[in-house]
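Structure first, commentary second.
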Amino acid sequence: MIDIDFARPALEVAPLLLGHELVAIEPDGARISGRIVETEAYASVGDPASHSHRGPTPRTTTMFGPPGGLYVYRIYGMHWCANIACAPDGVGEAVLIRALEPLDGVDRMGERRAAARRPRDLCSGPGKLCAALAITGEDDGVDVRAPDSRVHLTADGVAIAADAAPAESAAPLQGPRIGITKAMDLPWRFGLASDSLSRPFPLS
DNA sequence: TAATAGATCATCT
DNA sequence: GATGATCTATTAG
């Protein structure tokens with residue numbers, strides 16, 4: 001079970017998600033997972049960078065759906081990005097999962113991410129982690145709070161490396177979101193100190 | 001290490 | 001018809 005209430009603004013959920021484990025179950029039962037070390041919040045009203053900014057569309061159905069739904073979309077015609085729907089049903093907010101620290105199934109990740117030269121390259125970006133966990137449009141809409149979902153979340157403390165402990169107690173890193181061309185002034189990107197970030201955070 | 005270009009297409013205007 | 005919540009290989013310094 002996960003101890004996060006997703007029926008709240010994405011801006012509140014984004015930092016809370018850090019440190020939790022994202023899990024994908026393979027068709028053969030294999031467990032692939034990573035620790036969330038980077039997230040971004042996307043709202044609707046007042047956030048022109050968000051897919052939901054201009055109201056619901058067929059693509060953003062899940063983003064406007066019940067909290068805890070996995071919103072998966074294709075970007076640049078070739079990669080997938082995974083988000084978790086936040087706020088009450090009918091409100092279009094979500095948190096983008098931007099990077100994971102590989103935990104289980106590292107070898108399986110490597111098979112799908114041939115370009116990765118070391119473990120830190122396996123899930124250090126929103127498109128990379130979807131490839132590593134085999135998350136596609138097929139998974140759009142699943143409830144990540146349900147332990148029997150193919151893609152779901154688990155609570156803190158599972159197989160987290162001992163040397164990562166100090167970062168847990170510190171306040172999350174925070175900075176502007178990556179890859180957007182609007183609302184670039186909003187510091188809605190959050191992260192933990194990790195070598196698996198998609199990019200470094202600006203220094204204070 | 002840093003900067004740049006190319007891949008590639010569903011989605012929305 | 002333009003535009004991306006990106007990744008990788010390649011080039012230059």
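Numbered from 1 within each chain, the chains take letters A, B, ... in sequence-line order. Heavy-atom basis, side chains included; hydrogens, waters and symmetry copies ignored.
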Check your understanding: Side-chain donor-acceptor pair under 3.5 Å between A/Arg120 and A/Ser196, yes or no?
Key -> no

Produce the list of close N/O pairs, under 3.5 Å, pairing protein atoms with atoms of nucleotides 5-8 of chain B; give distances to one decimal.
residue : atom : partner : partner atom : Å
B/dT8   : O2   : A/Tyr76 : O            : 2.9

Check your understanding: If you round to the nearest 0.5 Å, how far is CG of A/Leu22 from CG of A/Leu17?
Key -> 8.5 Å

Review point. Roughly, in whole Å, what's the span from CZ in A/Arg74 to P in B/dC9?
Key: 8 Å

Check your understanding: Could you give the CD-to-C1' distance, from A/Glu38 to C/dA5, as a whole number of Å?
Key -> 11 Å

Check your understanding: Are A/Ile36 and A/Leu192 in one and the same hydrophobic cluster, where Ile, Leu, Val, Met, Phe, Trp and Tyr link if side-chain heavy atoms are under 4.5 Å apart?
Key -> yes

Exercise for review: For residues 6-16 of chain A, pull every pair meeting side chain to side chain donor-acceptor pair (under 3.5 Å), keeping only residues two or more places apart or in separate chains.
Suggested key: A/Arg8-A/Glu12

Review point. Should A/Arg35 and A/Glu21 count as an ion pair when the cut-off is N to O under 4.0 Å?
Key: no

Exercise for review: Between B/dT8 and C/dG1, how far apart are the C1' atoms? Round to whole Å, please.
Suggested key: 16 Å

**Study point:** Atom pair CZ (A/Arg150) and CG (A/Asp139), whose distance is rounded to the nearest 0.5 Å
**Key:** 4.0 Å

If you look only at distance, which donor and acceptor atoms sit under 3.5 Å apart when one is on a side chain in residues 72-83 of chain A and the other is two or more places apart or in another chain?
residue : atom : partner : partner atom : Å
A/Asn83 : ND2  : A/Tyr71 : O            : 3.0

**Study point:** side-chain hydrogen bond (donor to acceptor under 3.5 Å, both in side chains) assessment of A/Ser198 paired with A/Glu38
**Key:** CA-CA 8 Å; A/Ser198 64; A/Glu38 186 181 339; 2.7 Å; yes

Exercise for review: Rounded to the nearest 0.5 Å, what's the gap from CG on A/Leu133 to SG on A/Cys123? Could you check?
Suggested key: 5.5 Å

Study note, to complete from the structure: Per the under-4.0 Å heavy-atom filter, residues of residues 43-70 of chain A near DNA chain C come out as A/Ala49, A/His51, A/Met63

**Study point:** Contact list for DNA chain C against residues 174-189 of chain A - heavy-atom distance below 4.0 Å
**Key:** A/Ile178, A/Gly179, A/Ile180, A/Thr181

Check your understanding: Can a cation-pi geometry be assigned to A/Arg177 and A/Tyr42, taking NZ or CZ under 6.0 Å from the six-membered ring centre and within 45° of the ring axis?
Key -> yes

Review point. Which nucleotide, in any strand shown, forms a Watson-Crick or G-U wobble pair with B/dT8, with both distances under 3.5 Å?
Key: none

Review point. Can you check the A/Arg199 CZ to B/dA2 C1' distance for me, whole Å?
Key: 12 Å

Review point. So which heavy atom on A/Ser149 is nearest to which on A/Asp143, and how close?
Key: OG-O, 2.6 Å

Review point. Between C/dA9 atom C1' and A/Lys128 atom NZ, what is the distance in whole Å?
Key: 13 Å

Review point. Can you tell me the Watson-Crick or wobble partner of C/dA5, both distances under 3.5 angstrom?
Key: none

Review point. Going through the distances and angles, do A/Thr62 and A/Asp140 end up as a side-chain hydrogen bond (donor to acceptor under 3.5 Å, both in side chains)?
Key: CA-CA 7 Å; A/Thr62 301; A/Asp140 182 63; 2.9 Å; yes

Polar atoms only, N or O, under 3.5 Å: list the protein pairs with nucleotides 11-13 of chain C and their distances.
none

Practice item. For A/Leu96, report the nucleic acid contact type (base, sugar-phosphate, nothing); a contact means any heavy atom under 4.0 Å. Key: base

Review point. Does the ring of A/Phe6 carry A/Arg145 above it, NZ/CZ under 6.0 angstrom from centre and within 45° of its axis?
Key: no

Exercise for review: Write down the distance between CD1 (A/Ile135) and C1' (C/dT6), rounded to a whole number of angstrom.
Suggested key: 16 Å

Exercise for review: State whether a side-chain donor-acceptor pair under 3.5 Å links A/Ser44 with A/Glu93.
Suggested key: no

